[in-house]
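The chains referred to below are lettered A, B, ... by the order of the sequence lines, with proteins before strands, and numbering in each begins at 1.
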Number of protein chains: 2
Amino acid sequence: MPLSQTEENYLKAVYKIAESDQGSVSTNAIAKMMSTSAASVTDMIKRLSEKGYVDYVKYYGVELTTLGKTAATILIRKHRLWETFLVSQLDFSWEEVHDIAEQLEHIQSKELIERLDKYLGFPKFDPHGDPIPNTEGKFTLRNQTILADMAIGEQGQVIAVKIHDTPFLQHLNQIGIQINTPLRIVSKQDYDQSTTVLVEDSEILLSHKVASQILLKKTS
Amino acid sequence: MPLSQTEENYLKAVYKIAESDQGSVSTNAIAKMMSTSAASVTDMIKRLSEKGYVDYVKYYGVELTTLGKTAATILIRKHRLWETFLVSQLDFSWEEVHDIAEQLEHIQSKELIERLDKYLGFPKFDPHGDPIPNTEGKFTLRNQTILADMAIGEQGQVIAVKIHDTPFLQHLNQIGIQINTPLRIVSKQDYDQSTTVLVEDSEILLSHKVASQILLKKTS
DNA sequence: TAATATTTTTAGATTAGCCTAAAAATATCT
DNA sequence: AGATATTTTTAGGCTAATCTAAAAATATTA
């Protein structure tokens with residue numbers, strides 16, 4: 001019994017929430033991420049629990065089983081490979097690909113995804129800098145720092161961004177930030193936690209909200 | 001209000017039936033093609049009729065409106081472009097691609113399909129020899145003859161096959177028939193309507209069932 | 001044309017996924 | 001601890017798409 005698209009999306013949501021927060025995942029968090037009601041989440045989680053994809057304790061929360069983790073990782077592998085295809089082969093830009101990949105990730109064919117991987121040259125990272133899990137679900141870990149956590153004077157190179165929606169990425173395009181952009185922390189404002197960075201000889205002010213979504217590899 | 005995947009599949013089925021038979025399409029024919037019950041077809045056809053995609057007369061039959069025809073043609077365009085991608089870029093063979101393309105054709109992105117078309121070099125025919133409709137739904141018509149209708153002594157070159165399921169195409173692979181294969185009609189057996197053809201210096205017996213699925217361009 | 005067979009539609013039920021409103025459980029605050 | 005607020009679950013209903021069984025319409029055939 002294969003998973004429905006909806007079931008797959010729930011698993012991915014649980015995976016993503018568990019990735020940032022730790023411990024078990026709350027009904028409300030899932031509802032928020034899926035833009036649906038808490039009642040619907042309870043329904044679905046029960047179903048996924050019966051099928052063995054999650055461990056569920058009423059009023060407490062949800063955790064992925066090994067089975068659920070594998071399913072979620074495969075989905076993420078597919079999503080990131082398709083995003084890579086769209087950008088590297090079809091010349092889409094990084095802010096355009098999320099929604100299309102969201103559909104493509106549900107295509108059911110193991111063979112297809114292996115051939116796509118090969119076709120793309122077994123890429124390790126997608127256009128947003130996220131690691132692409134291999135067939136076994138393992139992916140490359142990198143030494144990365146959140147921009148907002150860096151100290152004045154430190155330098156780094158952008159290696160990934162944590163959110164992928166079009167408006168956010170368009171904003172980054174506008175201020176000249178993309179994957180591999182080198183930058184230096186010029187100053188940090190305490191009162192609103194904003195950060196000023198030097199990008200290509202110009203100083204840019206980043207709100208805390210933005211600065212905490214950008215991941216860097218320190219270069220000094 | 002976009003069409004659901006199921007609605008799209010019904011429109012495609014009606015289109016394909018109307019293509020071979022002529023006049024209006026019967027409930028039973030649709031049910032057969034969709035492997036579903038006649039009752040389900042009646043339900044769905046009513047819905048598509050309300051939405052303006054088909055003209056429906058109870059107990060008589062169904063016809064696509066202009067709107068329905070456009071929707072079906074776009075779906076076929078997408079299907080055939082994806083099949084072309086799978087074969088020409090990912091090295092799938094012609095008998096492996098139908099089911100995957102059946103899923104890919106439902107991906108909703110006009111931009112994606114236009115870029116894919118360009119990426120593939122605006123192909124005019126898919127791996128089964130079927131014409132790929134352009135953005136407006138127009139496609140190249142060719143002078144083609146059904147193998148079963150050819151006379152003894154006539155020669156031709158395979159340009160397309162009418163069905164695409166794996167077992168049929170595997171059978172063609174086995175007897176050495178693919179797109180562009182040249183052949184000559186050696187003899188025709190009246191009692192079972194089978195045809196013997198010369199392919200690459202060997203005589204092959206084709207049942208009527210098989211011979212009526214192969215389309216040729218006459219070369220003599 | 002009347003009887004029979006076939007096709008199509010209707011009626012009524014089922015499942016997945018969603019909703020709102022109310023009830024139950026847990027958390028927080030004084 | 002008791003009152004209040006928040007979170008989560010339950011209850012009941014809705015829609016899309018499906019099914020089977022029965023009824024209605026059309027086609028066929030003696």
Asker: Can you see if the side chain of A/Ser26 gets near the phosphate of D/dT7 - specifically, an N or O under 4.0 Å from OP1 or OP2?
Answerer: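 So the side chain of A/Ser26 is outside the cut-off, no N or O lying under 4.0 Å from OP1 or OP2 of D/dT7.
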Asker: Quick one: A/Tyr59 OH to C/dT26 C1', roughly how many Å, whole number?
Answerer: 9 Å
Asker: Considering residues at least two apart in sequence or located in another chain, which fulfil the salt bridge (Lys or Arg N to Asp or Glu O under 4.0 Å) criterion with A/Arg115?
Answerer: A/Glu111
Asker: Side-chain atoms of residues 48-64 of chain B: list all donor-acceptor pairs with protein atoms under 3.5 Å, sequence neighbours left out, distances to 0.1 Å.
Answerer:
unit_1, atom_1, unit_2, atom_2, d
B/Lys51, NZ, B/Glu7, OE1, 3.4
B/Lys51, NZ, B/Glu7, OE2, 2.8

Asker: By a strict heavy-atom criterion of less than 4.0 Å, which residues belonging to residues 36-43 of chain A are in contact with DNA chain C?
Answerer: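 Those residues whose heavy atoms fall under 4.0 Å from DNA chain C, taken from residues 36-43 of chain A in numerical order, are A/Thr36, A/Ser37, A/Ala39, A/Ser40, A/Asp43.
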Asker: Side-chain N or O of B/Lys46 less than 4.0 angstrom from OP1 or OP2 on C/dT9?
Answerer: no
Asker: Just grab all the salt bridge (Lys or Arg N to Asp or Glu O under 4.0 Å) pairs involving residues 118-136 of chain A, residues at least two apart or on different chains.
Answerer: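 For residues 118-136 of chain A: A/Arg80-A/Asp126.
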Asker: Residues of residues 6-20 of chain A with any non-hydrogen atom less than 4.0 angstrom from an atom of DNA chain C: list those, numerically ordered, please.
Answerer: A/Thr6, A/Tyr10
Asker: Please table the atom pairs, donor to acceptor, closer than 3.5 Å between any side-chain atom in residues 38-45 of chain A and protein atoms at least two apart or in another chain.
Answerer:
unit_1, atom_1, unit_2, atom_2, d
A/Ser40, OG, A/Ser37, OG, 3.0
A/Thr42, OG1, A/Ala38, O, 3.1

Asker: Under the ring-ring contact (aromatic ring centres under 6.0 Å, His included) rule, what do A/His98 and A/His79 come out as? Steps first, then yes or no, please.
Answerer: CA-CA 8 Å; A/His98 183 76; A/His79 183 98; 5.0 Å; yes
Asker: Any salt bridge (Lys or Arg N to Asp or Glu O under 4.0 Å) pairs touching residues 94-109 of chain B, not counting sequence neighbours?
Answerer: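 Every salt bridge (Lys or Arg N to Asp or Glu O under 4.0 Å) pair that includes a residue of residues 94-109 of chain B, provided the two are not neighbours, is B/Lys12-B/Glu102, B/Lys12-B/Glu105.
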Asker: Is it true that B/Ser187 and B/Gln189 share a donor-acceptor pair across their side chains at a distance under 3.5 Å?
Answerer: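 Judged by distance alone, the side chains do pair up.
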Asker: Any side-chain N or O of A/Lys58 under 4.0 Å from OP1/OP2 of C/dA24?
Answerer: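 Answer is no, no contact under 4.0 Å.
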Asker: Would you mind reading off the distance between B/Ile45 atom CD1 and C/dT7 atom P, rounded to a whole angstrom?
Answerer: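 Answer to the nearest Å: 17 Å.
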Asker: Donor-acceptor pairs under 3.5 Å, side chain of residues 14-35 of chain A to any protein atom, not counting sequence neighbours: which ones?
Answerer:
unit_1, atom_1, unit_2, atom_2, d
A/Ser20, OG, A/Ile17, O, 3.3
A/Ser26, OG, A/Ala29, N, 3.1

Asker: Take atom CE of A/Met44 and atom P of C/dC19, then tell me their distance rounded to the nearest Å.
Answerer: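 After rounding, the reported distance stands at 11 Å.
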Asker: What pairs with B/Asp165 under side-chain contact (heavy atoms from CB on, under 4.5 Å), at least two apart in sequence or on another chain?
Answerer: B/Ile163, B/Pro167, B/Phe168
Asker: Output yes when at least one side-chain N/O atom of A/Asn28 is less than 4.0 Å from OP1 or OP2 of D/dT6, else no.
Answerer: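 No, because none of the side-chain N or O atoms of A/Asn28 sits under 4.0 Å from OP1 or OP2 of D/dT6.
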Asker: Verify the contact: side-chain N or O of B/Tyr56 to OP1 or OP2 of C/dT9, cut-off strictly under 4.0 Å; return yes or no.
Answerer: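 So the side chain of B/Tyr56 is within the cut-off, an N or O lying under 4.0 Å from OP1 or OP2 of C/dT9.
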